[in-house]
Amino acid sequence: LETEAAAEAAEVAQAAGEEAAGADPPPAQPLDLLLCAECASDSAAGAIDPDDGLFYCDACWRAFEAEAAPQAVPQGAPSPPRGEGAAV
């Protein structure tokens with residue numbers, strides 16, 4: 001009986017080892033990807049905004065900077081209209 005039990009235990013252990021060896025490893029999860037607060041894409045390239053603490057990918061960061069940058073007025077372009085009561 002001891003020999004049978006030992007043989008059975010060895011078979012179970014061997015089968016478990018074969019299953020573990022043949023199993024596919026879990027897919028690798030990149031640890032350095034962050035979720036962009038603007039477009040919700042996963043990205044490793046970007047920055048965390050110090051004002052709100054949120055991560056923004058490079059594309060969204062550049063788009064924000066382009067919108068926030070003062071617009072250059074071409075030379076010779078008309079001045080914006082003055083409102084009523086403006087000093088002359």
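Note that the numbering runs from 1 along the sequence shown for the chain.
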Problem - Worked check of side-chain contact (heavy atoms from CB on, under 4.5 Å) between Cys36 and Ser41 - result: CA-CA 5 Å; Cys36 176; Ser41 68; 4.2 Å; yes
Exercise for the section: Considering only Ile, Leu, Val, Met, Phe, Trp and Tyr, and joining two whenever side-chain heavy atoms are under 4.5 Å apart, list the other residues clustered with Leu54. Expected result: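 ILVMFWY cluster around Leu54 also holds Tyr56, Trp61.
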Problem - For the student: nearest non-hydrogen atoms of Leu35 and Phe55, plus distance - result: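 Smallest interatomic distance, heavy atoms only, reads O-CD2, 3.7 Å.
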Practice task
Could you grab the distance from atom CG of Asp49 to atom SG of Cys60, nearest 0.5 Å is fine?
Solution key: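 So the CG of Asp49 and the SG of Cys60 are separated by 12.0 Å.
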Handout entry: SG on Cys57 to CG on Asp42, rounded to 0.5 Å
Key =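 Answer rounded to 0.5 Å: 10.5 Å.
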Practice task
Kindly write out the residues that satisfy side-chain hydrogen bond (donor to acceptor under 3.5 Å, both in side chains) with Asp51, not counting sequence neighbours, or none if the list is empty.
Solution key: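 Asp51 satisfies side-chain hydrogen bond (donor to acceptor under 3.5 Å, both in side chains) with no other residue.
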